[in-house]
Amino acid sequence: MIARMATTTRATNNPIPRFPDGFLWGVSTSAHQIEGAVDKREPSVWDTFTAEPGHIKDGSTAAVACDHYHRYPEDVALLRDLGVDAYRFSISWPRVNSPGGLDFYDRLVDELCTAGVRPVPTLFHWDLPASLDWMNRDTAERFAEYVAVVADRLGDRVDKWITLNEPAEHTLFGHALGAHAPGRQLLFDALPVAHHQLLAHGLAVRALRAAGATDIGIANSHGPTWPASQEPEDLEAADFYDVLLNRLFADPVLLGQYPEGIGDLMPGDVESDLKVIAEPLDWYGINYYAPTKVGAPQGADIEFGGLTMPAELPFSVREIEGHPVTDFGWPVVPEALTELLETFRDRYGDRLPPVVITENGCSYEGLEDQERISYLDGHLRALHRALEAGVDVRGYFVWSLLDNFEWAEGYARRFGLVHVDFETLERTPKASYGWLRDVLRAQG
Ligand code: FCB
């Protein structure tokens with residue numbers, strides 16, 4: 001099935017240190033980015049957003065994407081040959097709402113089980129049904145109903161679940177800045193979107209527990225915030241950004257409270273909602289890509305990482321110099337992963353359940369992707385250093401198995417261990433795929 005393969009699998013000279021027995025190795029994808037077959041389901045906010053001109057950089061759509069909907073057996077074979085323990089994919093809520101939609105996930109889960117790969121579904125990865133809106137509290141209730149339906153159908157074969165993917169980015173990019181679906185530019189008026197997703201998370205945990213699930217987590221995106229200087233205005237701006245990216249989504253889940261001053265800005269009976277949001281988790285998922293350097297506002301809009309950050313924000317994001325960058329322009333700073341995990345351990349103490357890295361990866365062109373190997377090699381060593389420092393990390397998932405539809409960037413950013421030719425849909429494992437397979441074999 002695989003026509004050709006990158007030829008080299010060169011790793012750095014030293015083997016990756018040994019991770020504990022039972023450590024969970026996996027790769028991640030998401031429904032909207034790989035499935036295609038949009039005609040077989042109701043639309044999501046990403047379909048309507050993509051259809052409006054100007055939103056997606058290369059003018060593409062996810063109508064076919066990797067055509068994983070039809071080619072999933074080939075993709076599961078790639079997972080099996082890679083030797084991962086687990087596969088993190090997402091379930092499309094609009095597909096589940098459509099006739100026959102759950103049958104697809106039934107087939108996928110069966111195929112994974114037969115291949116000996118543990119299915120780890122994410123229940124929401126940004127593709128909200130187009131008829132719904134996170135500004136409405138009711139969407140959280142609808143989410144819990146959908147989760148119960150999925151758990152009822154798949155719960156006999158799935159035991160590890162992820163409620164939400166990156167509610168921070170979905171709030172910030174989708175509702176505050178407008179670079180992602182549904183394209184709103186509400187700035188701080190988008191805060192209810194954060195609260196309703198967090199509430200949806202807590203309600204989903206309850207629905208999953210009611211269905212018998214015992215291994216539940218969330219995938220939040222986090223990264224260290226580095227102040228641009230030690231000047232008070234830069235420290236204050238960096239602290240503000242840290243609250244937005246890190247604490248706004250971790251504190252309610254782990255501590256049952258919002259960072260100071262935020263709870264008053266949220267809608268509804270916040271105190272009672274926080275009890276739901278803080279339902280105990282079995283593990284906490286972290287998506288990590290890069291740290292962010294932040295300073296005081298600079299009085300002008302700033303273009304950064306494909307986003308326009310308006311001048312009125314109380315912070316400004318700055319370039320991090322002195323590190324290699326990916327094709328996306330993201331700095332490669334493996335040691336910041338160790339820093340992040342140590343910060344979480346210190347900040348949350350015994351309220352932090354075991355951690356799983358649910359996404360980590362980079363965009364580079366080409367089949368002989370030595371830069372990706374070096375990125376992953378560096379981050380695995382950094383992760384191991386966190387383990388040695390006493391952080392309880394139980395798993396690591398690479399983003400991503402396949403090149404895919406990278407949201408507003410379209411197909412221009414290639415994060416895959418496997419190259420996808422978007423004309424022919426042919427899959428070709430890159431050098432990094434062979435490298436990771438060798439690492440996993442060596443880990444036993
Ligand atoms: C994360 C998203 C994932 C992918 C990677 C590159 O923020 O969760 O879908 O786009 O970034």
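Just follow the structure's listing: the first ligand is 1, and inside any ligand the first atom is 1.
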S.K.: Answer yes when Arg157 and Asp110 have at least one side-chain N-carboxylate O distance shorter than 4.0 Å, and no when they do not.
M.R.: yes
S.K.: For a quick check: using heavy atoms under 4.0 Å, what are the residues in contact with ligand 1, sorted by chain and number?
M.R.: Gln33, His125, Trp126, Asn165, Glu166, Tyr289, Glu359, Trp399, Glu406, Trp407, Phe415
S.K.: Test salt bridge (Lys or Arg N to Asp or Glu O under 4.0 Å) on Arg413 and Asp327 and set out the steps.
M.R.: CA-CA 7 Å; Arg413 306 290 173 207; Asp327 285 354; over 6 Å; no
S.K.: Would you tabulate the side-chain donor-acceptor contacts of residues 191-201 under 3.5 Å, counting partners in other chains and residues two or more places apart, or write 'none'?
M.R.:
residue : atom : partner : partner atom : Å
His195  : ND1  : Tyr258  : OH           : 2.7
His195  : NE2  : Asp273  : OD2          : 2.8
His196  : ND1  : Trp134  : O            : 2.8
His196  : ND1  : Met135  : O            : 3.4
His196  : ND1  : Pro192  : O            : 3.2
Gln197  : NE2  : Pro167  : O            : 3.4
Gln197  : NE2  : Thr171  : OG1          : 3.0
Gln197  : NE2  : Val193  : O            : 3.3
His201  : ND1  : Thr163  : OG1          : 2.7

S.K.: Please tabulate, one pair per line, all N/O donor-acceptor pairs under 3.5 Å involving side-chain atoms of residues 317-325, not counting sequence neighbours.
M.R.:
residue : atom : partner : partner atom : Å
Arg318  : NE   : Ser316  : OG           : 3.0
Arg318  : NH2  : Ala296  : O            : 3.0
Arg318  : NH2  : Ser316  : OG           : 3.3

S.K.: Looking at residues at least two apart in the chain, or sitting in another chain, which of them share a side chain to side chain contact (heavy atoms under 4.5 Å, CB included) with Glu279?
M.R.: Val205, Arg206
S.K.: Could you tell me whether Arg347 and Asp242 have a side-chain N and a carboxylate O separated by less than 4.0 Å?
M.R.: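 Yes, Arg347 and Asp242 are salt-bridged.
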